[in-house]
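Here is the structure we will look at, set down as structure tokens.
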Number of protein chains: 2
Amino acid sequence: MMKRAETSKKKTRIQAINQQRILDAALAIFSQFGFRGATLDQIAQHADLSKPNVLYYFRGKQDIYVTLMQQTLDQWLQPLVELDPTGDPVDEILKYALTKLEISRQNPQASRLFANEILHGAPMVKSVLEGDLKSLVDEKTSIIQRWIDEGKIIAVDPYHLIFMIWAITQHYADFDIQVTAVLGNSHSKDKCFDDAQSTITSILVNGLKTN
Amino acid sequence: MMKRAETSKKKTRIQAINQQRILDAALAIFSQFGFRGATLDQIAQHADLSKPNVLYYFRGKQDIYVTLMQQTLDQWLQPLVELDPTGDPVDEILKYALTKLEISRQNPQASRLFANEILHGAPMVKSVLEGDLKSLVDEKTSIIQRWIDEGKIIAVDPYHLIFMIWAITQHYADFDIQVTAVLGNSHSKDKCFDDAQSTITSILVNGLKTN
DNA sequence: CAAAAATTTGATCATTTGATAAGATTTTAA
DNA sequence: TTAAAATCTTATCAAATGATCAAATTTTTG
């Protein structure tokens, strides 16, 4: 009888399938109900497994959550990594914003999972925020600062520019219900994202350029 | 023996005090842990009352939550009401954004309470969003649209402009932990909000004006 | 195939938690 | 001051839920 995951490297076929199934279900459930609001029963049912069977693959509820959160964080950080110091400043910043928006469109559940974690004080990922995330942002803000010093874009605090981009783009995933309610149920989600894209582009391009 | 609150109008002195105490405690607890994450024990303890005593004033956990959410919603909508069609367009929009930011600064708990509700699909306030909120936004966007038609500000979708303002301003309350982590613990909260204010002002003023 | 390993299940626990009931205590009003 | 109303407490409950275990079943391996 082999201890699952933990230290061992080789996953069996069934392990690979079922662990992924559990993580998929967990994303759906945790993102909708939060950590405490979600139950193992819900996750098990959504994954089409019995509850003890779920606990065969993960130590416990928190283990599932943490695993899922780690995956999500990687995905979340990636686009910022790609901000290119040699590109055109406005283009690069706009590209970053629109990439984030696209991720919000395509994976709103992950966005909400992350938002919920932060909203409640990041009990599980605080150290990642203060470590990897801060380092990455420090690096990229210094690029933006250089652009500002060279007069390529308007002088704004680079940190807050990034916060602004995060805020706007995640808003469409995290506050989807509100956005939909305000726009009326007639609007299609696609049109909403297209309009969002135009608005972000206008304000950023116009707002960043020097006079 | 009088049934509390419900239909009666007159509150006793003790009722007024204790109901407010419970709501204050509930704001602190619900905003940090969400509806399901919060427990009556926590709220009771925070309010310095016994659990059954808390339930003497409110039918149940959900009753506390709904009452609190109604209060919060009113407060949340107010600033938009004051957007003045006769004022200077850029000034009015900027004033709205900065007022929202100020509310984020002064009452971050209410912001997080609301954010959590929306994030989880607005189970308790969906109808308010589709009713009062939508009506108010419809009214104000038509004002903004008029400004656009008159060439007073750049042509952007007014709805998404408002979403953008909501997103940015609430970000500082809702994602406070992340903002603080990225800026480093050395930064004071006051400086953070001051810089946020400058950034929002720059981008909006620059971003909205017509060329 | 047969033994070993891995997977799955049913039964069951201990805790947490929202809620209630009955009675004691305090406050209010006549 | 005294009776009624309001407030508060102690004890307790039932349901939900995360977790465990032993045994049954399936899959893999030699």
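Computed from a predicted model, the values in this text were never measured in an experiment. Order of the sequence lines sets the chain letters (A, B, ...), proteins ahead of strands, with each chain counted from 1.
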Measuring to OP1 and OP2 of D:dT9, would you say a side-chain N or O of B:Ser50 lies under 4.0 angstrom away?
yes
Nearest 0.5 Å please: distance from the NZ atom of B:Lys134 over to the OG1 atom of B:Thr141.
8.0 Å
Ring center gap for B:Phe193 and B:His187 short of 6.0 angstrom:
no
Using whole Å, report how far CZ of B:Phe58 lies from P of C:dG18.
15 Å
Residue set satisfying side chain to side chain contact (heavy atoms under 4.5 Å, CB included) with B:Arg146, at least two apart, ordered chain then number -> B:Ser142, B:Ile143, B:Glu150
C:dA6 phosphate, OP1 or OP2: any side-chain N/O from A:Gln15 under 4.0 angstrom?
no
Qualifying residues under salt bridge (charged side-chain N to carboxylate O under 4.0 Å, His left out), relative to A:Arg21, sequence neighbours excluded
none
Side-chain H-bond candidate by donor/acceptor type, B:Gln170 with B:Trp76, under 3.5 Å:
yes
Parallel, tilted or perpendicular for B:Phe175 and B:His171, by the 30°/60° rule?
parallel
Give each protein N/O atom lying under 3.5 Å from an N/O atom of nucleotides 16-21 of chain D, with the pair distance.
| from | atom 1 | to | atom 2 | distance (Å) |
| --- | --- | --- | --- | --- |
| D:dT17 | OP1 | B:Arg36 | NH2 | 2.1 |
| D:dG18 | OP1 | A:Ala38 | O | 3.3 |
| D:dG18 | OP1 | A:Lys61 | NZ | 3.0 |
| D:dG18 | OP2 | A:Leu40 | N | 2.8 |
| D:dG18 | N7 | A:Lys51 | NZ | 3.1 |
| D:dA19 | OP2 | A:Lys61 | N | 2.9 |

Rounded distance (Å) that lies between atom C1' of C:dT20 and atom OH of B:Tyr57:
17 Å
Short side-chain N/O contact from B:Tyr56 to OP1 or OP2 of C:dT20, under 4.0 Å
no
Can you check whether B:Asn18 has a side-chain N or O nearer than 4.0 Å to OP1 or OP2 of D:dC8?
yes
Quickly work out the A:Ile17 CD1 to D:dT28 C1' distance and round it to whole Å.
14 Å
B:Asn53 side chain N/O closer than 4.0 Å to the phosphate oxygens (OP1, OP2) of D:dT7?
no
With sequence neighbours left out, which residue pairs that include part of residues 115-128 of chain B fulfil the side chain to side chain donor-acceptor pair (under 3.5 Å) condition?
A:Asn116-B:His120, A:His120-B:Asn116, B:Tyr65-B:Glu117, B:Asn116-B:His120
Without decimals, in angstroms, what is the distance between A:Leu49 CG and D:dT26 P?
16 Å
To the nearest 0.5 angstrom, please state how far the OH atom of A:Tyr96 sits from the CD atom of A:Glu82.
10.5 Å
Report each atom pair, protein N/O against N/O of nucleotides 23-28 of chain C, whose distance is under 3.5 angstrom.
| from | atom 1 | to | atom 2 | distance (Å) |
| --- | --- | --- | --- | --- |
| C:dT28 | OP1 | B:Arg13 | NH2 | 3.3 |

Sorted by chain and residue number, the side chain to side chain contact (heavy atoms under 4.5 Å, CB included) partners of A:Gln75 (sequence neighbours excluded) come out as A:Asn107, A:Ala110
